[in-house]
Amino acid sequence: MGRRRIGQETFSFSAAGDRPRSSLDELSNLIDWTAIERHVSLISCAAKGEPAWPPLALFKAMLLAVWYDLSDVKLAEALDDRASFRRFCGFSASEPTPERTAFVRFRKALVDHKLDKPLFEAITGH
């Protein structure tokens with residue numbers, strides 16, 4: 001199963017330390033993502049013929065959708081537009097982000113694997 005590699009920055013004039021930090025950056029540092037990643041790493045929900053998005057990035061996007069009350073369409077737009085959302089999910093500023101249908105497929109896969117409630121409860125516990 002092929003997976004996309006994300007988070008690879010391209011040439012930029014600003015230093016990484018120059019970008020403003022958000023509450024999402026702080027929140028991301030508080031959560032132990034390794035246990036979550038172990039659970040979601042079994043999920044691959046790519047459309048036919050395309051590499052799958054990293055499942056942890058999609059799970060983090062699902063969290064943003066819940067926390068900010070975003071539809072799949074609005075979540076895809078926000079990931080294209082908001083630097084803090086991109087950083088939280090692990091996308092660099094210069095790479096594409098998932099389209100809305102990726103979120104639909106991932107949500108279905110979470111439910112099919114019975115991971116939706118346990119993982120969201122684990123995040124709430126953090």
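It should be emphasised that the depicted structure is a prediction, and the values quoted were computed from it without experimental measurement.
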Give every donor-acceptor pair under 3.5 Å between a side-chain atom in residues 68-80 and any protein atom, sequence neighbours left out.
from: Ser71; atom 1: OG; to: Lys74; atom 2: N; distance (Å): 3.1
from: Asp72; atom 1: OD1; to: Arg107; atom 2: NH2; distance (Å): 2.6
from: Asp72; atom 1: OD2; to: Arg107; atom 2: NH1; distance (Å): 3.2
from: Lys74; atom 1: NZ; to: Glu77; atom 2: OE1; distance (Å): 3.4
from: Asp80; atom 1: OD1; to: Thr97; atom 2: OG1; distance (Å): 2.7

- Straight-line distance of Leu24 CG to Arg86 CZ, nearest 0.5 Å: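 Going from CG on Leu24 over to CZ on Arg86, the span is 14.0 Å.
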- Item | Atom pair CD1/OG of Ile36 and Ser41 - distance to nearest 0.5 Å |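 Rounded to the nearest 0.5 Å, the CD1-OG separation comes to 11.5 Å.
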[X] with [Y], same ILVMFWY side-chain cluster at under 4.5 Å:
X     : Y      : result
Val66 : Leu119 : yes
Phe85 : Trp67  : yes
Phe91 : Leu27  : yes

- Message: Pair Phe88, Ser22 - check side chain to side chain contact (heavy atoms under 4.5 Å, CB included), show working.
- Response: CA-CA 10 Å; Phe88 182 78; Ser22 74; over 6 Å; no
- Message: Which residues pass the side-chain hydrogen bond (donor to acceptor under 3.5 Å, both in side chains) test with Asp32, not counting sequence neighbours?
- Response: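 For Asp32 the side-chain hydrogen bond (donor to acceptor under 3.5 Å, both in side chains) partners, ignoring immediate neighbours, are Thr34.
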- Contacts of Asp81 that satisfy side chain to side chain contact (heavy atoms under 4.5 Å, CB included) - sequence neighbours left out: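 Counting only residues at least two positions away or on another chain, Asp81 forms no side chain to side chain contact (heavy atoms under 4.5 Å, CB included).
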- Query: Asn29 side chain to Glu26 main-chain N or O, any donor-acceptor pair under 3.5 Å?
  - Reply: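 Absent.
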- Query: For residues 98-124, which residue pairs qualify under ring pair (Phe, Tyr, Trp, His ring centres under 6.0 Å), counting only residues two or more places apart or in two chains?
  - Reply: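 Non-adjacent pairs meeting ring pair (Phe, Tyr, Trp, His ring centres under 6.0 Å): Phe59-Phe120.
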- Message: Using every non-hydrogen atom in the two residues, find where Ser44 and Ala52 come nearest and quote the distance to one decimal.
- Response: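 The answer is OG-CB, 3.6 Å.
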- Query: What's the shortest heavy-atom distance between Trp53 and Ala102, and which atoms?
  - Reply: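 Taking every non-hydrogen atom into account, CD1-CB, 3.9 Å.
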- Scan for salt bridge (charged side-chain N to carboxylate O under 4.0 Å, His left out) pairs involving residues 112-126, sequence neighbours excluded, and state none if there are none.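 Listed by first then second residue: Lys108-Asp112.
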- Message: Quick check: do Leu110 and Val40 have side-chain heavy atoms less than 4.5 Å from each other?
- Response: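 Answer yes - side chains close enough.
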- Message: Quick test of your reading of the model: are Arg105 and Glu50 salt-bridged, counting only N-O distances below 4.0 Å?
- Response: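 Glu50 and Arg105: salt-bridged.
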- Message: Assess the residue pair Leu115 and Leu42 against the criterion (side chain to side chain contact (heavy atoms under 4.5 Å, CB included)); give the C-alpha distance rounded to whole Å, side-chain angles, the decisive distance to 0.1 Å, and a yes or no.
- Response: CA-CA 11 Å; Leu115 291 173; Leu42 305 172; over 6 Å; no
